[in-house]
2 protein chains.
Amino acid sequence: MSRRGDAAATKAALLDAAARLFAERGFDRTTVRDIAAVAGVNQALLFRYFGSKDALFATVLASRGRELIEESPAEQLLCRMLLRLTGKTARPEDHPLYAALRSAHHDTAAAVVNQQLGEDFARVLRSLTDAPDAELRADLVLAWVVGIGVLRSMFAKEPLASADNRAVAELVLKATSVLLERVDRV
Amino acid sequence: MSRRGDAAATKAALLDAAARLFAERGFDRTTVRDIAAVAGVNQALLFRYFGSKDALFATVLASRGRELIEESPAEQLLCRMLLRLTGKTARPEDHPLYAALRSAHHDTAAAVVNQQLGEDFARVLRSLTDAPDAELRADLVLAWVVGIGVLRSMFAKEPLASADNRAVAELVLKATSVLLERVDRV
DNA sequence: CCCCTGGGTAAGCGTTTGCTTACACAGACA
DNA sequence: TGTCTGTGTAAGCAAACGCTTACCCAGGGG
């Protein structure tokens with residue numbers, strides 16, 4: 001194995017570059033030539049290892065999608081998610097949620113958002129209330145997180161985009177506690 | 001005037017078709033050939049009357065953007081906006097907000113969202129509280145509306161997508177009243 | 001030694017894109 | 001009548017796109 005180059009390293013480089021570019025520009029505005037260039041790799045290798053641009057996109061969402069839901073106690077999940085998505089550290093723009101949001105028309109992206117966010121995130125949120133419409137309430141809180149991400153990263157809406165993420169989390173959690181009575185405040 | 005055809009009617013047909021397709025598919029996934037076909041018009045006329053696809057997009061957002069903010073008392077604006085964006089009547093999918101959301105990378109779309117929603121919608125919401133961080137609170141409520149639209153129309157997230165719009169409005173308004181004390185409940 | 005395998009490369013295929021050009025023709029005005 | 005202007009049409013251009021093909025070459029096994 002490993003004659004001249006390293007296939008595993010090449011695949012990883014392509015995956016990294018694709019994750020970054022898809023999150024930054026969305027599926028349509030990202031070209032396979034750009035991905036290969038950022039990865040420092042010949043573009044034909046992209047098709048050798050992943051088959052197609054669509055398949056690469058699906059692989060990105062599948063491999064990084066799990067990070068969406070970190071292992072946290074349910075009561076703190078919302079707070080952590082808010083801080084992570086709006087935090088200035090760790091390049092929140094690379095979050096695969098943004099890749100999905102900027103490529104919403106893509107079937108794979110829609111499916112991943114529905115599965116990852118719906119089956120996991122919303123399920124956790126649902127456990128934070130005893131109301132009969134718990135699922136709808138969870139979806140609404142999820143929608144709030146998504147909307148904040150859209151306005152901040154895609155539209156750079158001020159003052160939200162530059163607001164202190166702890167202040168944002170505090171306000172959102174305060175209002176959210178009306179819908180989910182067991183959510184942890186800041 | 002009106003030799004063989006009607007230039008004004010042609011322009012209106014193009015504008016209608018473009019508004020519909022941009023809202024449905026976003027800027028990138030909409031081709032000038034599709035717009036011309038839906039309008040029942042030769043595609044060269046699109047460039048004669050609007051100059052470029054970009055300019056047509058800007059014209060769509062400019063001409064229909066004003067509808068975003070209808071003349072309503074401030075206290076009821078949020079409620080009306082929620083009902084309109086989630087209502088089953090009047091094809092809410094044609095709302096120009098969706099055209100902008102599905103084309104978020106586009107500079108014109110980002111500018112329009114910032115102006116229309118920011119300078120108008122958020123300004124109205126801001127008047128509903130006396131808190132010192134009124135602007136941030138208004139942005140957060142705006143983010144909620146946007147997020148609900150994204151999850152419903154772009155991701156078809158259940159149960160939110162099929163939920164009764166009055167139930168949605170009731171929950172959102174209840175939680176929002178924590179941030180904006182003068183908002184009208186359902 | 002030669003052949004085979006696996007990783008890497010260059011070139012270009014066919015299609016689609018936004019946009020342009022050259023033209024046809026009906027009516028208004030002289 | 002003849003010309004000119006405004007409207008509509010057909011054809012196609014240059015570029016960019018996703019993807020494919022043909023090839024190169026380092027190394028291991030016989």
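Just so we're on the same page: letters track the sequence lines, and every chain starts at 1.
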query = Charged N to carboxylate O under 4.0 angstrom, B:Glu170 versus B:Lys174?
reply = no
SB check A:Asp139 A:Arg126 (cutoff 4.0 Å) = no
Flag the pair [X] / [Y] as yes when at least one side-chain heavy-atom distance between them is below 4.5 Å, and no otherwise.
{"X": "B:Lys157", "Y": "A:Leu142", "answer": "yes"}
{"X": "A:Val146", "Y": "A:Val150", "answer": "yes"}
{"X": "A:Phe50", "Y": "A:Leu45", "answer": "no"}

Where at least one partner belongs to residues 27-50 of chain A, residue pairs that pass salt bridge (charged side-chain N to carboxylate O under 4.0 Å, His left out), sequence neighbours excluded = A:Arg25-A:Asp34, A:Asp28-B:Arg29, A:Arg29-B:Asp28
ask   = So what is the end-to-end bend of the helix from C:dC1-D:dG30 to C:dA30-D:dT1, with 5 pairs used at each end and the value given to 10 degrees?
value = 30°
request  = Using modelled atom types only, decide if a donor and an acceptor are shared between the side chain of A:Arg152 and the backbone of A:Ala161 within a distance under 3.5 Å.
outcome  = yes
Could you state the atom-to-atom distance from [atom1] of [X] to [atom2] of [N] in whole Å?
{"X": "B:Arg29", "N": "C:dG18", "atom1": "CZ", "atom2": "C1'", "value": "17 Å"}
{"X": "A:Asp6", "N": "C:dG7", "atom1": "CG", "atom2": "P", "value": "9 Å"}
{"X": "B:Phe50", "N": "C:dT20", "atom1": "CZ", "atom2": "C1'", "value": "18 Å"}
{"X": "B:Leu45", "N": "D:dG6", "atom1": "CG", "atom2": "P", "value": "15 Å"}
{"X": "A:Leu56", "N": "D:dC17", "atom1": "CG", "atom2": "P", "value": "16 Å"}

Using atom names, set out every protein N or O paired with an N or O of nucleotides 18-22 of chain D below 3.5 Å, distance rounded to 0.1 Å.
from: D:dG18; atom 1: OP1; to: A:Lys53; atom 2: NZ; distance (Å): 2.7
from: D:dG18; atom 1: OP2; to: A:Val32; atom 2: N; distance (Å): 3.2
from: D:dG18; atom 1: N7; to: A:Arg33; atom 2: NH1; distance (Å): 3.0
from: D:dG18; atom 1: O6; to: A:Arg33; atom 2: NH2; distance (Å): 3.0
from: D:dC19; atom 1: OP2; to: A:Lys53; atom 2: N; distance (Å): 2.7
from: D:dC19; atom 1: N4; to: A:Gln43; atom 2: OE1; distance (Å): 3.0
from: D:dC19; atom 1: N4; to: A:Gln43; atom 2: NE2; distance (Å): 2.7

task = Look at the side-chain N and O atoms of B:Tyr49 and state whether any lies under 4.0 Å from the OP1 or OP2 oxygen of D:dG8.
result = yes
Any A:Thr10 side-chain N or O less than 4.0 Å from OP1/OP2 of C:dG7 = no
ask   = Is B:Lys11 atom NZ crowded by more than 12 heavy atoms from other residues, nucleotides or ligands, each under 6.0 Å away?
value = no
